[in-house]
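Starting from 1, each residue takes its place in the sequence as its number.
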Amino acid sequence: MVRDMWSYIQELFRNQEKVKAELPFLHESIDLDSFPQSEYNEWLKGNIHDLLKRRLQQAYFSFISGADPLDAGFEFFDTPQSNGFVIFQQQNDTLSDWDFRFFQHYIADVLQEENYVINLADVRSQKKSSWIEKVFKYYLKPSSEMRSRIPSEQLYGNVSIEYIKRDERPYMIRLLANVYQDQNFGEVHPFGDLIKKISG
């Protein structure tokens with residue numbers, strides 16, 4: 001059931017990618033030095049941060065236990081090559097644009113504490129179908145120190161965190177951890193451990 005749902009979501013994304021852009025593609029780097037750090041630090045102390053962590057923790061527990069999901073805003077996927085989750089903005093959610101961006105940034109901070117580095121941070125805008133889509137993306141890899149070992153330490157894999165807006169409204173956050181499966185890389189760490197660190 002869960003895998004069928006994720007296959008359906010993947011197919012939707014594949015179909016959307018085939019839609020020809022009607023406006024020029026806009027692409028720029030995210031200036032992390034100008035990120036509103038003081039506002040972010042205040043947000044970390046607030047209720048929304050705690051709520052999102054608690055929702056993620058409970059939703060993941062439902063996923064791994066095979067129980068019916070209690071929170072329709074979350075989807076998880078688990079394949080030999082990739083693990084991840086999606087947090088959708090729900091109709092009754094009061095989450096703001098900055099709630100999503102701060103949560104994305106928080107996840108990146110958690111990963112950096114685990115010896116990851118931000119390899120790419122950018123924002124892309126494009127007209128798709130009947131909406132304008134803006135994607136804020138962080139792409140993280142294990143640090144060069146981790147990668148210099150033999151076999152290379154891949155931690156949880158290479159991780160992308162995307163916050164997607166449609167017509168300037170929050171749509172979803174998508175985290176995807178892609179792993180290597182060859183002799184040059186060590187065993188990947190359990191994805192559940194990353195969920196614990198994010199939601200802890």
Side-chain angles (χ1 to χ4, degrees), residues 25-60 71 73-76 82-90 92-126 131-148 153-178 189 191-200:
F25 190 81
L26 303 175
H27 180 202
E28 58 186 332
S29 296
I30 296 174
D31 182 4
L32 295 175
D33 290 334
S34 64
F35 194 81
Q37 193 66 40
S38 59
E39 290 89 341
Y40 169 65
N41 290 339
E42 285 301 311
W43 181 86
L44 288 175
K45 303 172 190 173
N47 294 333
I48 298 297
H49 179 223
D50 288 337
L51 174 65
L52 282 168
K53 291 196 299 180
R54 190 164 59 249
R55 286 178 64 189
L56 174 60
Q57 186 179 59
Q58 292 170 346
Y60 187 69
D71 193 331
F74 285 77
E75 295 289 346
F76 294 88
S82 304
N83 292 281
F85 63 82
V86 178
I87 307 173
F88 290 101
Q89 172 80 300
Q90 296 293 284
N92 58 347
D93 278 345
T94 57
L95 300 174
S96 71
D97 175 45
W98 279 108
D99 289 328
F100 275 86
R101 287 202 63 191
F102 284 156
F103 195 61
Q104 176 191 37
H105 198 78
Y106 161 72
I107 296 171
D109 278 352
V110 170
L111 285 163
Q112 288 177 93
E113 290 172 3
E114 297 297 307
N115 283 313
Y116 275 84
V117 293
I118 295 178
N119 190 254
L120 172 75
D122 66 10
V123 56
R124 300 167 184 252
S125 300
Q126 190 173 12
W131 62 84
I132 302 293
E133 183 170 279
K134 183 178 280 189
V135 182
F136 298 82
K137 179 176 181 176
Y138 292 176
Y139 183 68
L140 298 98
K141 288 185 169 186
S143 69
S144 56
E145 178 191 353
M146 297 287 104
R147 297 195 307 262
S148 66
E153 172 63 74
Q154 62 176 319
L155 302 175
Y156 305 102
N158 294 339
V159 181
S160 67
I161 316 160
E162 295 177 320
Y163 162 44
I164 300 174
K165 296 167 63 172
R166 288 186 173 176
D167 291 335
E168 291 304 315
R169 292 192 298 272
Y171 177 56
M172 72 171 184
I173 286 179
R174 174 174 54 201
L175 180 145
L176 181 65
N178 291 310
H189 293 194
F191 185 68
D193 289 354
L194 177 58
I195 295 292
K196 288 177 187 174
K197 291 181 186 300
I198 295 171
S199 61

Any side-chain heavy-atom pair from [X] and [Y] closer than 4.5 angstrom?
{"X": "Glu168", "Y": "Lys165", "answer": "yes"}
{"X": "Leu111", "Y": "Leu194", "answer": "yes"}
{"X": "Met172", "Y": "Phe88", "answer": "yes"}
{"X": "Leu52", "Y": "Leu95", "answer": "yes"}

Quick one: sort the Phe191 and Phe85 rings into parallel, tilted or perpendicular, breaks at 30° and 60°.
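Tilted, since the angle between the ring planes falls between 30° and 60°.
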
Let me confirm one number: the [atom1]-[atom2] distance from [X] to [Y], rounded to the nearest 0.5 Å.
{"X": "Gln104", "Y": "Asp109", "atom1": "CD", "atom2": "CG", "value": "11.0 Å"}
{"X": "Met146", "Y": "Leu155", "atom1": "CE", "atom2": "CG", "value": "6.5 Å"}
{"X": "Asn83", "Y": "Tyr156", "atom1": "CG", "atom2": "OH", "value": "11.5 Å"}
{"X": "Lys197", "Y": "Ser199", "atom1": "NZ", "atom2": "OG", "value": "10.5 Å"}
{"X": "Lys134", "Y": "Ile164", "atom1": "NZ", "atom2": "CD1", "value": "13.5 Å"}
{"X": "Ile87", "Y": "Ile173", "atom1": "CD1", "atom2": "CD1", "value": "5.0 Å"}

Distance under 6.0 Å and angle within 45° of ring axis: Arg101 vs Tyr163:
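Pair Arg101/Tyr163 does not count as cation-pi.
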
How close do [X] and [Y] get, counting heavy atoms only, and between which atoms?
{"X": "Asn178", "Y": "Ser82", "result": "OD1-OG, 2.6 Å"}
{"X": "Gly157", "Y": "Pro142", "result": "O-CD, 4.2 Å"}
{"X": "Leu44", "Y": "His49", "result": "O-ND1, 2.9 Å"}

Looking at Asp167 and Arg169, would you say the former's side chain and the latter's main chain have a donor-acceptor pair under 3.5 Å?
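No, the answer is negative, given that no donor and acceptor are paired below the 3.5 Å cut-off.
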
Hey, does the side chain of Lys53 reach the backbone of Gly200 with a donor-acceptor pair shorter than 3.5 angstrom?
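A pair under 3.5 Å: yes.
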
Contacts of type ring-ring contact (aromatic ring centres under 6.0 Å, His included), residue [X], not counting sequence neighbours:
{"X": "Tyr139", "value": "none"}
{"X": "Phe102", "value": "Phe35, Tyr40, Trp43, Trp98"}
{"X": "His27", "value": "none"}

Could you tell me whether the side chains of His189 and Glu153 share a donor-acceptor contact shorter than 3.5 Å?
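Judged by distance alone, the side chains do pair up.
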
Will you find, in the side chains of Asp99 and Ser96, an N or O donor that is under 3.5 Å from an N or O acceptor?
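Looking only at side-chain atoms, Ser96 and Asp99 do form a donor-acceptor pair, the distance falling under 3.5 Å.
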
Let me see the working for Leu140 and Ile161 under side chain to side chain contact (heavy atoms under 4.5 Å, CB included), right down to the final yes or no.
CA-CA 8 Å; Leu140 298 98; Ile161 316 160; 3.7 Å; yes

Take a 6.0 Å sphere around CG of Asp31 and say whether it holds more than 12 heavy atoms from other residues, nucleotides or ligands.
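Yes, the 6.0 Å shell around CG holds more than 12 heavy atoms from other groups.
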
Do Gln126 and Glu133 pass the side chain to side chain contact (heavy atoms under 4.5 Å, CB included) test, and can you show the C-alpha distance, the side-chain angles, and the key distance before you say yes or no?
CA-CA 5 Å; Gln126 190 173 12; Glu133 183 170 279; 5.6 Å; no

Let's go through Val159 and Tyr138 carefully: what are the C-alpha distance in whole Å and the side-chain angles of both, what is the deciding distance for side chain to side chain contact (heavy atoms under 4.5 Å, CB included) to 0.1 Å, and is it a yes or a no?
CA-CA 8 Å; Val159 181; Tyr138 292 176; over 6 Å; no

Go through the steps to decide whether Phe100 and Phe103 satisfy the test ring-ring contact (aromatic ring centres under 6.0 Å, His included), and finish with yes or no.
CA-CA 5 Å; Phe100 275 86; Phe103 195 61; 8.5 Å; no

Go through the steps to decide whether Leu56 and Phe76 satisfy the test side chain to side chain contact (heavy atoms under 4.5 Å, CB included), and finish with yes or no.
CA-CA 10 Å; Leu56 174 60; Phe76 294 88; 3.9 Å; yes

